[in-house]
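Below, chains carry the letters A, B, ... as their sequence lines are ordered, and counting in each starts from 1.
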Number of protein chains: 2
Amino acid sequence: MRAARLDHTDWRILQVLQEDGRITNIELARKVGITAPPCLRRVRALEEAGIIERYMAVLDGRKLGFDVTAFAMVKLHSQAEADLIAFEERALQSPIVQECSMLSGEIDFLLRCVAPDLTRFQSFIIHDLTAAPNVESVKTSLVIRTAKEAAGLPLALAAEDA
Amino acid sequence: MRAARLDHTDWRILQVLQEDGRITNIELARKVGITAPPCLRRVRALEEAGIIERYMAVLDGRKLGFDVTAFAMVKLHSQAEADLIAFEERALQSPIVQECSMLSGEIDFLLRCVAPDLTRFQSFIIHDLTAAPNVESVKTSLVIRTAKEAAGLPLALAAEDA
DNA sequence: GATGAAACACTGACGCT
DNA sequence: AGCGTCAGTGTTTCATC
């Protein structure tokens, strides 16, 4: 589903809400140059359309004891659709998997993983990934540091027509 | 910096706010079983401590015209700290780079990229990445589908002591 | 898109346990 | 230390133009 055409105000609303999801509607309205009621109507419409999927608090994993972030690159033996889906569903079972992307090319899946310690991560890799059916190989890389973490979409790149 | 010890209520607050960053304080308080004022005090403390980094709206990239998501795996010639930092800073210049992680192992950097189309993505890879100093190789993989996108931390894994 | 009004939420001060 | 009650202020949200 593609959205109805967005105007400049909508883009600015999205930009601001992506930066600060808890901004009050009044301040948001002020920032985009309209008054509160139409601003709220626009936000609701963007939510309805699924353009705004949800709002979330971004937490600091390190401060909460998630000392390990890692990527797992998975190759499967079979790339038949049913087999891809089967693997995906299995990967999603684990709370350790934060993000699961199906890729084109040599690697079939890239998993972003978070764990409290290496032991838990390793046991996930061995018992849940390597041991899963159809898995040919799993290569893991620990994240040493993350410079920019899921910062949000670069809306300026797509808002040129508004 | 490590945070002060969190109790069960704090963990539930984090869990709820990660799910719904725009929940009203009153409803949040109700969900975690206390009244609004102490609940708000806890939230503010969690923000102060940097445990809650920020709040954001999660947007649907596809509906906004970001048809391409891809990962770029970069190897450098030199892994000296200054060279790693130099590359990182350069990568962060581009709005296309959504996430930039320094890795251990063969691959030095993994970049999560978003672009409106393949042309823009390709031009980024060629002009900004491959042409950058110290870059040995860049391998890219397009994301065919994302099953679970940066869903947030699996707080249950770390909250066992509270 | 703006105005005004009513319902609701936020957030301070204070007392309690 | 931390929770709860109360009350003033600001915000959300609806009807209306």
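In summary, A:R54 and B:D60 do not engage in a salt bridge, as defined by a charged side-chain N under 4.0 Å from a carboxylate O. A salt bridge between B:E149 and B:R112 is present, with a side-chain N of the basic residue lying under 4.0 Å from a carboxylate O of the acidic one. Under the 4.0 Å criterion applied to side-chain N and carboxylate O atoms, A:D20 and A:K31 are not assigned as salt-bridge partners.
Looking at A:D128 and A:Q93, their side chains never bring a donor and an acceptor atom within 3.5 Å of each other. Counting only N and O atoms by type, the side chains of A:Y55 and A:E47 include a donor and acceptor under 3.5 Å apart.
Using a 4.5 Å cut-off between side-chain heavy atoms of Ile, Leu, Val, Met, Phe, Trp and Tyr, A:L92 forms no hydrophobic cluster with any other residue.
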Please tabulate the protein-to-nucleotide N/O contacts below 3.5 Å involving nucleotides 12-16 of chain D, giving atom names and distances.
| from | atom 1 | to | atom 2 | distance (Å) |
| --- | --- | --- | --- | --- |
| D:dT12 | OP1 | A:N25 | N | 3.0 |
| D:dT12 | OP2 | A:N25 | N | 2.9 |
| D:dT12 | OP2 | A:I26 | N | 3.0 |
| D:dT13 | OP2 | A:R44 | NH2 | 2.6 |

- Note on the structure: Here DNA chain C, pairs taken as Watson-Crick or G-U under 3.5 Å and shown with ( ), [ ] when crossing and | when to another strand, reads ||||||||||||||||.
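The distance between atom CD1 of B:I34 and atom P of C:dC16, rounded to the nearest whole Å, is 21 Å. A straight line from CZ of B:R5 to P of D:dA1 spans 18 Å, rounded to a whole angstrom.
Distance alone, capped at 3.5 Å, is enough to place a donor-acceptor pair between the B:K63 side chain and the A:A49 backbone.
Between A:N25 and B:R22, the closest heavy-atom pair is N-NH2, 4.3 Å.
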